[in-house]
Amino acid sequence: MDKILRNGKALFLAYDHGMEHGPVEFEKAHEAGDHEFTDSLDPQFILDLAHRGGYTAVVLQKGLAQDYYDVWGADERREVPLIIKLNGRTNVPEIEPFSPLICTVPEAVELGASAVGYTVYVGSEREAEMLEIFGGIVEDAHSAGIPVIGWMYPRGKWVTEKYGKDTNPEIVAYGARVALEVGADMAKIKYTGDVESFTRVVKSAGRTKVVLSGGEKTEKPEDFLQVVKDVMAVGATGVAVGRNVWKSKDPLKVTEEIKKIIFA
Ligand code: FBP
């Protein structure tokens, strides 16, 4: 776990959106940017950003790990550890949320991963399949000596029916607890909207570390930074951020602001 942390804190640059949201997400980012260092459609741009920004790890799907990370400089690879996201899906089919496995733990290790990530759509009709696969991943990763991060995202018609929205604090805390129960080392969790409820989320996760899942880009960078402050104040280990950095006008500047909070 220490490999993907600095002083016990996590600052991950998330870049699995090409799979989850499609290129349109990066094009919007490009249009919004006016900084010399902004072209998030290009994976190399993200790797350079991760390096220049001093991220403690970068999150990629297997294909990018193979075509970009694996051929990156040895110094850069050492300085920016890799987290491979093992499953993924597009946002095209209108079906109950399910994210199939794309990469195995041995493949991820072969590609140089220091940790692996896996999305569980807690509450989905297909939750049982995802939990079963997740259990196997925890076993494989721990046998290989690397940590597992659960993207614990409540989602699906039952979540909407029973909890109203997927950021309802009760179902988010439930997701955090599931990560602990399954044996994940870290849970990536969306913000519940207020400090009190997020405190309970962190407590629900027990000894499973909690990292904030960045979320959609906020209109003002200060709003995102306030969320980072709030979650760090109640025991989060750090953040996994994507859109609030590489969709911003100045990704390196926002990165520095986040670092001031996380490594304070
Ligand atoms: P962001 O910081 O951009 O929200 O990235 C975090 C993340 O979990 C990504 O890893 C993932 O691609 C995306 O959000 C998924 O978002 P959603 O499933 O809510 O569309």
Side-chain angles (χ1 to χ4, degrees), residues 4 10-30 32-33 40-41 43 46 49-50 53 55-65 82-100 102-103 113 115-124 126 130 148-156 159-160 165-168 171-172 175-176 179 184 186-193 210-219 221 223-225 227-228 231 236 238-248 251 254-255 257-258 262:
I4 57 168
L11 177 60
F12 304 151
L13 188 58
Y15 190 62
D16 53 342
H17 307 66
M19 169 70 83
E20 304 287 329
H21 300 166
V24 67
E25 194 74 271
F26 309 129
E27 274 140 24
K28 276 188 254 153
H30 191 55
S40 56
L41 183 57
I46 296 293
L49 172 60
Y55 281 80
T56 68
V58 63
V59 181
L60 304 175
Q61 284 279 0
K62 163 179 152 176
L64 298 192
L82 170 67
I83 299 168
I84 292 196
K85 183 71 193 319
L86 299 178
N87 61 343
R89 60 170 233 158
T90 74
N91 65 8
V92 183
E94 300 281 335
I95 52 171
E96 264 295 284
F98 176 72
S99 185
I102 289 162
C103 180
V116 289
Y118 181 84
T119 301
V120 181
Y121 292 121
V122 178
S124 160
R126 300 191 66 185
M130 287 180 277
V148 181
I149 306 162
W151 269 229
M152 307 308 293
Y153 293 171
R155 201 160 293 178
V159 171
T160 318
K165 53 180 184 167
D166 58 16
T167 51
N168 176 309
I171 185 66
V172 174
M186 203 178 252
K188 186 167 179 288
I189 301 285
K190 302 213 177 193
Y191 192 51
T192 47
V210 169
V211 289
L212 172 76
S213 186
E216 272 179 49
K217 184 176 171 298
T218 56
E219 210 172 303
D223 294 341
F224 176 66
L225 295 171
V227 173
V228 177
V231 301
V239 303
V241 57
R243 290 167 285 182
N244 272 291
V245 166
W246 45 253
K247 274 180 111 165
S248 78
V254 179
T255 301
E257 297 298 324
I258 298 171
I262 289 186

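Indexing begins at 1, ligand by ligand and atom by atom, following the structure's order. The structure displayed is predicted, hence computed values, not measured ones.
Checking T119 against K188 by side-chain atom types alone, no donor-acceptor pair falls below 3.5 Å.
Remark: R126 engages E129 in a salt bridge (Lys or Arg N to Asp or Glu O under 4.0 Å) (not counting sequence neighbours).
No salt bridge links E216 with K247; every basic N to acidic carboxylate O contact stays at or beyond 4.0 Å.
For the pair I4 and A115, the tightest heavy-atom approach, listed with the atom from each and the gap, is CD1-CB, 3.9 Å.
Contact residues of ligand 1 (protein heavy atom closer than 4.0 angstrom to a ligand atom; sorted by chain and number): A14, D16, H17, E20, H21, W151, Y153, R155, K188, K190, S213, G214, G215, A240, V241, G242, R243.
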Using a 3.5 Å cut-off and no angle test, enumerate the donor-acceptor pairs between side-chain atoms of residues 92-100 and protein atoms at least two apart in sequence or in another chain.
| from | atom 1 | to | atom 2 | distance (Å) |
| --- | --- | --- | --- | --- |
| E96 | OE1 | E125 | N | 2.8 |
| E96 | OE2 | K157 | N | 2.9 |
| S99 | OG | N87 | ND2 | 3.3 |
| S99 | OG | G88 | N | 3.0 |

Would you give me the side-chain donor-acceptor pairs under 3.5 Å for residues 11-19, sequence neighbours excluded?
| from | atom 1 | to | atom 2 | distance (Å) |
| --- | --- | --- | --- | --- |
| Y15 | OH | S40 | O | 2.5 |

